[in-house]
Participant: 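My structure is below; once you've seen it, I'll send some questions.
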Amino acid sequence: MDAPASFSLGAMGPLLRKLNSLLQTPEIRLPTPLKDGVELLKEEVEEISGALLEQTKVDSPSHKARYWMEEVRELSYHIEDCIDTMMPRLSDAKNRSRISRSVRARGYKVGRVRIARLPKKPEPSTMIAELTDLVREASERHQRYQLDDGCDLFSADGWAPVTCRNIARNLVGIDEPKSKLTKLLTDEAEEQLKVVCIFGAPGIGKTTLAEELYRELGRRFECRAFVRASRKPDTRRILEAILSQVQRSPRPSDACTVQSLIDYLREFLKYKRYFIVIDELCETATWDIVNNAFPKSNNCSILITTTEIEEVALECCGYHSDNIFGMKPLGIHDSAKLFFSTVFGSEQQCPNELNEVSYRIIRKCGGLPLATISISGLLASQPDNSALWQQVDKCLCSNLSSSPTLEETLKEVIKFSYSSLLDHLKTCFLYLTLYPEGYTILKGDLLKQWIAECFIPVIEGKDTEGVAESCLYELVNRGMIQLVQMDYNDQMVSCTVHHIVFDLIIHKSKEEKFITAMDYSQTTTLTMEVRRLSLHFSSAKYATKVAGITLSQIRSFAFFGLLKCMPSIVDFKLLRVLILEFWGEYSGCTSLNLTRLYRLFQLRYLKVSSNIIIELPVHMQGLKYLETLEIDGRVSAVPLDIVYLPGLLHLILRNETKLPDYVGRIRSLRTLYFDLGNNSENNVLSIGKLTNLQDLHLTCSRMLSDDHLKRNLVALASCIVKLGRLKSVALAPGTGTSGSAIIFDGANNVSSPPILIERLELLPPICIFCTLPKWIGLLKKLCVLKVSVRELLLNDINSLSELPDLTVLHLHVWRAPVGQIIFMRGSLPVLKYLKFTCGVLCLAFEEEALPNLQKLKVGFNAHRGELYGSLLVGVEQLLNLKELAGRIGEDADAEEPDMRAAESALKDAIRNHARFTNYINIKRVYGFKEEFYEPPVKPNVIPDKDIEQHGIQEKDSSSERPGGGSGALSMWSSSNIDHDIEEFQNKADNLLYCLVYSDPPAPEVLSLTWMHCLVDSFLTCLGEFRALLLRRRAEAINQPQLDCVIADFFVLAVKALDICNVVSHGICAVRRWGSQAAVATSALALPDQAVPINEGQIRRVRRVLADITVCMLSDMQGNFCGEVVGQRWSTTTTRSGGSSKQSHSSGTSLGSIYRAHFGVYSGSWSAAKQLQAIAEGLPVPGAFDIAAVGGLPSAVRTMGDLMFAVAWLLVVAIPCQGRGLQAHLFTWSATHFPNITLYDRILEESKKEGRSNSCGLLKEIGQIERCSWQLLEMTEVIEFPLAKEEDADVRGAAREMAQACDSLEAGLDPLLRKVREMFHQIGRTRIEILDKRKSTAGAAGADQTQGLDKPTKLIPREGVVAPSNKPWKKFVDAVKTNLEGGVRGAAAQHIPSNKPWKMFVDAVKTDPEVGREGRPSRSQNTYGPN
């Protein structure tokens, strides 16, 4: 383990590594005298470094020893600064030498100009010799002083970083005070503002109690805020912090002064219930000012303060002692529980020999939780070291008086715990002095700063960031650092330091001259040299610029305050870490000038937070050590040469920042913030080169065209698969995209996503998936998933259950699923937070589902006239649920009664959970985005007398919607049809319609993308159809009314399997065509024109393209595999006369060429015949059959219509064996296709020029046909050598052909997989449903069921078949409406005119029960049209 930089050793560790680098780096060739001097300096530094290390182990060093150690530390900094200054000179000298040799070699003469009065810099060898002398003098003083070596009980030998990153809050003894205080705060007898103060000694748990109350009670209030004051509070910052939390919109621009903030807060909170916590309040003057911002309205608001000062507590509560809650120390039982759980896990696991000493240590902690945690964290690091336990007991007994106060006890315990830290942990801990007291520090920022300062030990085989994180968690476990925010993975987000601990590190930093922290609102003078400086202010009124400090030697500078007090960047020379955070007024300044940053050659970390424009240097390439560039503010322009920074790890530029092109050149990047709205598609593609990238944060700050944004998203999807180390992806909308919604399904092509991804946040409206991508199920390390889908399938939740570490799940569903989304037993076992929003709330939970769920947040829309059933079915099964919130969106058509009905239904559902019987967190919000399937138009029954009276002309209902869908349910609507069947009907009837009319627009008809959507939608409907039948009891689907319908449907399904099979072969053939065409044109498509196209290349290309073109031509007289003899074109080109000649060679039939691609099939098989058999044999359910079994026959008919439509579209698009002429396909199918609009679109496409004789109407096939003919025609008559223009034209046509082939190849493989999946799903549906019907049938029934797979002649039953004209639809509707009372009256009003139906009506009049119970047999089929 290499020694890092530290407060005790100074820069000794990094200095030795740099000297080693000077001697061992091959690129740096030192002259022999200089190399010898560096080796000697290294030996001297190693010797004095060992002596310094021994002195740091002395418990109480003498004054002489302190002086010597301070001198040596400063010497190490000085030597490192000199080496850093010398390194560029060595590089420049090497470059100048190379240039000089080049100049001399070319014979140039360079004149010399003598310039006087320029200071001469010392030579490197002289500088090294002087530094060596200084080190020797320090070594001699060490020997002369005769300093003793020390012995350290806490050695770093064998230290290993903590591997566990999770931290659990160990809350002991908090339940009783929390219960009492909750009862005091929730007393409904008082409606006025209630102010309660939590009073107690430091470290007793006041903040922890306030945080628990805020977490549990705060969510009940409309506004809430938790702010931390300090002993030197800035009132304006406290008010700004409260305002930023209680409102989401930015504060008004005039709210700059304290009074304006108070006025604005009072107005904002005037009619709202609020819950405010002000922690660690130390001054009554601060309370007097802040208190004026809270209106004293009668809305049961709560204000909590915590303090250690009794006077402040009384002032806060208006001297009402009843509102002061005094905290008491933990009892011995709770203290022991906290101690043993931290060290051993439980008291039972403590060894007997340590039990007695453990209780002595516990008593010395005085019942203070912070002291107990601090000591137990120390002992937990070495639980088996009995000598350590005895040493801790001895030290506490000697340092504490007989009866110390609680504050004295805490200080001594913290001091001892600090002394037990290892050297590198002390250094990291003291670095927190850089921040103001009470500041909330982000974990990520702190780790990057430690690494930039070289405080982290270099351990072979360990990532530096992981070691830094281990150091941080060890300090947290010791109680040195307090958690502020944790995520649902129990990982720290931010932290802070207790003020008692802060006093200690301020004192130690000053004592060791490690960091100087100054409040520049007070008069302070410094005469010593400062290496690390922190400037902040407690009062803006008296803030001034700091003077009297030499800034040239400062290595780290943190500034928190007013812009006008900021020192000039020019004064810094050796800066490594720069933190700038500006508060308050900007004194009229509109920008911050940082253009001189390019001079800070040693800069490693830069973070700027400001509300004004940041001006960066034009060039930053010289900052070769820069690791982190983070700017939270607007940047005027990003330097173009930033892409050449070799060590940049984190590039975080927010607020609509446009990055330079070729950002992919920064191969070292681990974190990148990227704006899709301000960067080009090429820049997006370059992200794929960042192979070290781990965190990718994406935004879209401005509105783009849908096409532009989709191209960027497709490029992004292609990049992500290349980033093998990616751990986090976040895509969030910016301010400019709030009104747009982009449906993007390109990510379904991500076949191999980065398997290390732990966080995936793809939020609307930027990225909305059509369905949940399957590749998400491959991310086994995924912890956080936030995604929006257009449609959630039934098995999507089951696929998410396979993610073992998923703790946070946010799902936004646009379309309400068919039925409920059910969380099964044992699903998502580690999930802690579930957020689900959908237009309709449809969640259900089985017993033992989501066993660790702690927070559930649901959102749905209230719709006009909607009746709510059971919401959140089984919510009472979520036993660990602690928070449940509901958000009800106001739909555009919803009125106040609708909102109240939705709220009442949700309250009733939530009250089913035992924990939420009293308080229910429900709020109204703006409506959630949702889509609806357009339901099929149901025929309106208009009485004949109304038609006669008003002269209403009948209109076909199918014309009311483009496409005129004719689903079975739209023909046979009835009040007793099951709801889930009706939902399935609506979805299935709208599938084809949505492929033509949708918002956003669907892909181009007959393109590969469109075909993917077609098959995906069919598979979804098929799965829901299968579930529709299988969810029912076997008796329900064994009804006689279903026998012939299901039997006929599955006979036709076998024919659909044949079509899937031949379409698969057709896809393979087309793929071979594309591959051959791509190979043939690859040579011509090259952009390089240095080598002209020759005659042999043209001949080979023409031969291949002619073969492919002949294969793709359809036969005009027979089917595609007819007996007509085709002719194969071959072209021979001669140079004579510069012309080309063609010759025809016969003897190769078109059928043989085709079979060479497809294989040999039976000549009697015909795809067209199979399609026609499906269309004409679709089961036709009877009206009374539909009504008798709740609409199931109509669902079967709809599924049959859909199966035929999809099969027909596949045959039309893909070349198939035995497909027949295209004209024949369109002739008979017009009367059977279920969507007229889509049919017309396909027919229109087939009539276009060049498509009428095409082998397939697939768009990409047409492109290849067109490109083939274009190339053949272009090369038919050409002369060699080609002219430059002809060469360019041929290459351009070849490139177009190559692009068409690439597009075809990219889309055919997924389509082939989907068609094969369609084959398997049809077969699976057929087998599963037939098996279920057979499983409960009796002996006779079994015989009957066994014949279901055999062809059955379709015979009309019950005297009624599906009518095709509007009057009969009205008649059937009227019959169903009055089914229970007989059909005589209905039949009397709606008598159609054709003769067969009149015969049926006459029979109904004679016997009303005809067709209902006394169904005529097939041999007695007397009534109804044939």
Participant: Find out whether Ser788 and Leu762 are in side-chain contact, i.e. whether some heavy atom of one side chain is under 4.5 Å from a heavy atom of the other.
Facilitator: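 No - every pair of side-chain heavy atoms lies 4.5 Å or more apart.
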Participant: Classify the ring geometry between Phe928 and His812 as parallel (under 30°), tilted (30 to 60°) or perpendicular (over 60°).
Facilitator: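 Ring orientation of Phe928 relative to His812: tilted.
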Participant: If you measure from SG on Cys783 to NZ on Lys727, what distance do you get to the nearest 0.5 Å?
Facilitator: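 Those atoms lie 11.0 Å apart.
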Participant: Answer whether the closest heavy-atom distance between the side chains of Leu760 and Val787 falls below 4.5 Å.
Facilitator: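 No. Closest side-chain heavy atoms not under 4.5 Å.
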Participant: Can you tell me how far SG of Cys842 sits from CZ of Phe860, rounded to the nearest 0.5 angstrom?
Facilitator: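 Phe860 atom CZ to Cys842 atom SG measures 11.0 Å (nearest 0.5 Å).
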Participant: Test Asn921 against Leu884 for side chain to side chain contact (heavy atoms under 4.5 Å, CB included), laying out the working first.
Facilitator: CA-CA 7 Å; Asn921 182 9; Leu884 202 164; over 6 Å; no
Participant: Looking at CZ of Phe1018 and CG of Leu1209, how far apart are the two atoms once the value is rounded to the nearest 0.5 Å?
Facilitator: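 If we round to the nearest 0.5 Å, Phe1018:CZ and Leu1209:CG are 11.5 Å apart.
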Participant: Hey, what do you get for CD (Gln1321) to OG1 (Thr1325), rounding to the nearest 0.5 Å?
Facilitator: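 Going from the CD atom of Gln1321 to the OG1 atom of Thr1325 covers 6.0 Å.
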Participant: Distance check, rounded to the nearest 0.5 Å: Ile776 atom CD1 versus Phe769 atom CZ?
Facilitator: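 It is 6.0 Å, given to the nearest 0.5 Å.
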Participant: Using atom types as modelled and distance alone, determine if a side-chain donor or acceptor of Ser799 lies under 3.5 Å from a backbone N or O of Asp796.
Facilitator: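 Such a contact is found between Ser799 side chain and Asp796 backbone.
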Participant: For Phe674 and Leu698: C-alpha separation, side-chain torsions, deciding distance, then whether side chain to side chain contact (heavy atoms under 4.5 Å, CB included) applies.
Facilitator: CA-CA 5 Å; Phe674 192 89; Leu698 300 160; 3.7 Å; yes
Participant: Do Leu872 and Leu906 make a side-chain contact, defined as non-hydrogen atoms from C-beta onward lying under 4.5 Å apart?
Facilitator: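 Yes, their side chains come closer than 4.5 Å.
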Participant: So among Asp487, Val808, Asp805, Leu809, which one has a side chain to side chain contact (heavy atoms under 4.5 Å, CB included) with Val784?
Facilitator: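 Of the listed residues Asp487, Val808, Asp805, Leu809, the side chain to side chain contact (heavy atoms under 4.5 Å, CB included) partner of Val784 is Val808.
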Participant: CG/Leu782 to CG/Leu806 distance, rounded to the nearest 0.5 angstrom?
Facilitator: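 Here the interatomic distance stands at 5.5 Å.
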Participant: Tell me, do Ser718 and Val714 make a side-chain contact under 4.5 Å, heavy atoms counted?
Facilitator: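 Counting from C-beta outward, Ser718 and Val714 never come under 4.5 Å.
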Participant: Do Glu758 and Asn489 come within less than 4.5 Å of each other through their side chains, counting heavy atoms only?
Facilitator: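 The answer is no; the side chains never approach within 4.5 Å.
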Participant: Could you tell me whether the side chain of Ile822 reaches within less than 4.5 Å of the side chain of Ile797, counting heavy atoms only?
Facilitator: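 No, every pair of side-chain atoms sits at 4.5 Å or beyond.
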Participant: Determine whether Glu903 and Arg924 satisfy the following criterion, side chain to side chain contact (heavy atoms under 4.5 Å, CB included), listing intermediate values before the conclusion.
Facilitator: CA-CA 9 Å; Glu903 288 177 352; Arg924 297 185 183 184; 2.6 Å; yes
Participant: Looking only at heavy atoms, what is the nearest atom pair of Val1315 and Cys1060, with distance?
Facilitator: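 Here Val1315 and Cys1060 meet closest at CG1-O, 3.6 Å.
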Participant: So, are Glu846 and Arg825 salt-bridged, with charged N and O less than 4.0 Å apart?
Facilitator: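 Between Arg825 and Glu846 there is no salt bridge, as every charged N stays at least 4.0 Å from the carboxylate O atoms.
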Participant: Measure across Ile1322 and Met1203 and return the closest heavy-atom pair with its distance rounded to 0.1 Å.
Facilitator: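 Looking at all heavy atoms of both residues, the closest pair is CD1-SD, 4.5 Å.
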Participant: Step by step, work out the side chain to side chain contact (heavy atoms under 4.5 Å, CB included) result for Leu731 and Leu713.
Facilitator: CA-CA 10 Å; Leu731 173 58; Leu713 290 174; 4.2 Å; yes
Participant: Main chain of Ala849, side chain of Ser827: is a donor-acceptor contact present, judged purely on distance under 3.5 Å?
Facilitator: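 The answer is no, because no donor-acceptor pair under 3.5 Å joins these two groups.
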Participant: Quick test of your reading: applying side-chain hydrogen bond (donor to acceptor under 3.5 Å, both in side chains), list the pairs with at least one residue in residues 879-889, sequence neighbours left out, ordered by first then second residue.
Facilitator: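 For residues 879-889: Arg219-Glu883.
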Participant: Please indicate whether Lys781 has more than 12 foreign heavy atoms, meaning atoms of other residues, nucleotides or ligands, lying under 6.0 Å from its NZ.
Facilitator: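 No - once you tally the heavy atoms of other residues, nucleotides and ligands closer than 6.0 Å, there are 12 at most.
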Participant: Should Leu1022 and Leu1202 count as side-chain neighbours, where that means a heavy-atom distance under 4.5 Å?
Facilitator: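 Counting from C-beta outward, Leu1022 and Leu1202 never come under 4.5 Å.
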Participant: Do any N or O atoms from the side chain of Asp908 and from the backbone of Ala905 form a donor-acceptor pair under 3.5 angstrom?
Facilitator: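 Checked: no pair found.
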Participant: Do the side chains of Ile821 and Leu811 get nearer than 4.5 Å, heavy atoms only?
Facilitator: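 When only atoms from C-beta onward are counted, Ile821 and Leu811 do not touch, as no gap falls below 4.5 Å.
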Participant: Has Asn861 got a side-chain atom pairing as donor or acceptor with His863's backbone, closer than 3.5 angstrom?
Facilitator: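 Checking the backbone N and O of His863 against the side chain of Asn861, no donor-acceptor pair under 3.5 Å is found.
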Participant: Using the side chain to side chain donor-acceptor pair (under 3.5 Å) criterion, which residues pair with Lys1314? Sequence neighbours excluded.
Facilitator: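 Partners of Lys1314 by the side chain to side chain donor-acceptor pair (under 3.5 Å) criterion, ordered by chain and then number, come out as Asp1016.
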